[in-house]
Novice: 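Structure provided below as structure tokens; questions to follow.
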Amino acid sequence: MSRSITVIGGGIIGASIAWHLTAAGAKVRLVCETPGGIATPNSFAWINASWGNPHDYFKLRMRAIAEWSRLKGEVPELPLSFKGGICWDMPESDLLAYAENHAAWGYDIKRIEAAEISAREPALAVVPDFALHVPAEGVAEPRMTADLLIADARRRGMELDDNVRVTGLRKDEAGRIISITTDHGEWPVEEVVLAAGAATAALAATIGIDVPVETPPGLLVHSRPVAPMINGLVIAPELHLRQTAEGRLVAGTDFGGMDPGTDPDGAAAELFAKVKAFVKNGESLEMEFHTIGYRPTPEDGFPIIGRADGVEGLYLAVTHSGITLAPAIGLFAAREILDGEKEALLAPYRLSRFE
Ligand SMILES: Cc1cc2nc3c(=O)[nH]c(=O)nc-3n(C[C@H](O)[C@H](O)[C@H](O)COP(=O)(O)OP(=O)(O)OC[C@H]3O[C@@H](n4cnc5c(N)ncnc54)[C@H](O)[C@@H]3O)c2cc1C
């Protein structure tokens with residue numbers, strides 16, 4: 001008999017885990033308030049294994065980049081674009097050290113000069129003397145990707161209960177998960193994957209599990225759609241920029257977005273003015289809207305993925321960089337849940353490291 005698993009959360013992480021469990025033959029019920037997610041639609045959505053991370057995390061991110069291609073083969077409608085990233089968002093010496101270090105780790109990264117930057121991104125009004133080019137970096141349009149994974153999983157037999165607010169988890173005296181409480185009543189469960197983004201901590205706390213997650217805000221501005229002008233990802237100092245599939249320029253001061261402070265409208269206007277100055281004919285651009293997303297970020301900045309010690313039948317998945325990591329987390333979680341396999345790449349990311 002196939003295993004019956006309840007996934008809580010319909011953002012990119014819950015959607016990917018539910019898709020992989022369903023594709024592997026499990027009987028899956030996805031329960032969420034908002035299909036498509038909360039942080040997910042407000043994400044910059046840069047898929048990368050870029051600077052600033054230790055080697056273990058680099059390896060997980062590299063694997064995730066490769067897993068996006070595999071998943072695209074299985075769900076061809078996925079809105080992915082791997083047109084590469086051009087990066088110069090740090091002082092020259094740090095940029096060169098990053099290139100040297102990551103090239104030694106196997107990242108396909110190379111220095112390009114101003115002429116090549118302009119050839120790759122002709123719309124830029126501001127071009128540095130040199131930058132780094134990483135052809136393997138890309139984007140998954142985040143909301144559409146989560147929605148498509150849910151839709152495809154449903155075609156494969158997954159059950160979806162949306163507009164349902166989960167209020168808590170319940171376990172029996174032996175420490176086994178037995179039900180979830182919702183605003184539609186109490187539902188018995190066999191196994192639960194808790195992938196509720198920023199709400200993971202509050203829900204885990206209802207059965208005494210401490211999941212240390214912070215939720216820093218991130219502001220992004222979106223232009224009205226314009227004809228194609230930016231080809232890939234542009235990672236400049238205090239301005240990270242890309243163009244969406246619908247033609248909107250989307251930008252933040254960094255890929256995580258900046259803290260909007262007490263005047264989000266003012267901060268958005270200031271950021272959009274930078275976008276206008278950064279591209280040729282930028283004065284004709286109009287801002288359509290801005291978003292403030294709350295990044296589900298474990299206390300030490302790294303993912304929390306895996307079974308929760310002391311509670312049987314509960315698997316946790318909460319992370320920043322969820323757009324980059326989603327296909328790998330989905331695949332690994334499904335294998336760990338269904339086959340009892342322990343994925344070596346996830347070893348540093350268990351909840352037990354906080355004990
Ligand atoms: C501004 C910004 C920029 C970012 N940039 C990048 C980037 O460039 N690259 C990258 O890889 N990552 C980036 N991220 C991070 C990435 O977006 C997140 O890691 C990812 O979206 C998390 O997905 P999730 O599914 O865990 O959470 P969410 O998308 O928040 O989904 C949570 C789900 O849980 C459900 N839920 C929550 N509570 C309950 C409840 N009580 N009952 C029922 N359902 C519930 C919600 O309805 C929703 O379906 C960025 C994030 C932000 C905000």
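From a predicted model like this one, the values you see are computed outputs, not experimental measurements. All residue numbers in this chain count up from 1 along the given sequence. In listed order, ligands and their atoms are each counted from 1.
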Novice: Counting only nitrogen or oxygen atoms and a 3.5 angstrom limit, does T40 reach ligand 1?
Specialist: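 It does: an N or O of T40 is found under 3.5 Å from an N or O of ligand 1.
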Novice: State if V318 counts as touching ligand 1 under the rule of any non-hydrogen atom under 4.0 Å.
Specialist: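 No.
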Novice: Assess R61 against Y57: is NZ or CZ under 6.0 Å from the centre of the six-membered ring, and within 45 degrees of the ring's axis?
Specialist: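 Positive - R61 is close enough to the ring of Y57 and near enough to its axis.
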Novice: Could you check whether atom NZ of K110 has more than 12 heavy atoms from other residues, nucleotides or ligands sitting under 6.0 Å from it?
Specialist: yes
Novice: I want to know if ligand 1 touches G10 in the polar sense, i.e. an N/O pair below 3.5 angstrom.
Specialist: yes
Novice: Pick whichever of T319, I8, V164 has a heavy atom sitting closest to atom 43 (C) of ligand 1.
Specialist: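 It is V164 that holds the nearest heavy atom.
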Novice: E288: which residues meet the salt bridge (charged side-chain N to carboxylate O under 4.0 Å, His left out) condition with it, sequence neighbours left out?
Specialist: R248
Novice: What part of A317 sits under 4.0 Å from ligand 1 if we count only heavy atoms: the side chain, the backbone, both or neither?
Specialist: neither
Novice: Considering distance alone, does some N or O of A39 sit under 3.5 Å from an N or O of ligand 1?
Specialist: yes
Novice: Can you see whether T215 engages R295 through a side-chain donor-acceptor pair at a distance of less than 3.5 angstrom?
Specialist: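 No, R295 and T215 have no side-chain donor paired with an acceptor closer than 3.5 Å.
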Novice: Verify whether one side chain among R120 and N231 offers a donor that lies under 3.5 Å from an acceptor in the other.
Specialist: no
Novice: Evaluate P35 for polar contact with ligand 1, using N/O atom pairs at a separation under 3.5 Å.
Specialist: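 No, since none of the N or O atoms of P35 sits under 3.5 Å from an N or O of ligand 1.
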Novice: Just distances here: any N/O of I38 and N/O of ligand 1 closer than 3.5 Å?
Specialist: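 It does: an N or O of I38 is found under 3.5 Å from an N or O of ligand 1.
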Novice: Less than 4.0 Å between a side-chain N and a carboxylate O, is that true for E67 and R63?
Specialist: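 Yes, this pair counts.
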Novice: Do G293 and ligand 1 have an N or O pair less than 3.5 Å apart?
Specialist: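 No, no N or O pair falls under 3.5 Å.
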Novice: Using a plain distance cutoff, I'd like to know if P296 has any nitrogen or oxygen under 3.5 Å from a nitrogen or oxygen of ligand 1.
Specialist: no
Novice: Would one find an N or O of V31, backbone or side chain, under 3.5 Å from an N or O of ligand 1?
Specialist: no
Novice: Counting the benzene-type ring for Trp, do H55 and W105 have ring centres under 6.0 Å apart?
Specialist: yes
Novice: Looking only at distances, can you tell me whether any N or O atom of I13, backbone or side chain, sits closer than 3.5 Å to an N or O atom of ligand 1?
Specialist: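 Among all N and O atoms of I13, at least one is under 3.5 Å from an N or O of ligand 1.
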Novice: So, 4.0 Å and heavy atoms of A198: is ligand 1 close enough to count as a contact?
Specialist: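 A198 does not count as a contact of ligand 1 under the 4.0 Å cut-off.
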Novice: Please determine if T34 has a nitrogen or oxygen closer than 3.5 Å to a nitrogen or oxygen of ligand 1.
Specialist: yes
Novice: With sequence neighbours excluded, tell me which residues meet salt bridge (charged side-chain N to carboxylate O under 4.0 Å, His left out) with R350.
Specialist: E336
Novice: Under 4.0 Å, heavy atoms only, figure out whether ligand 1 is touched by the backbone of I323, its side chain, both or neither.
Specialist: both
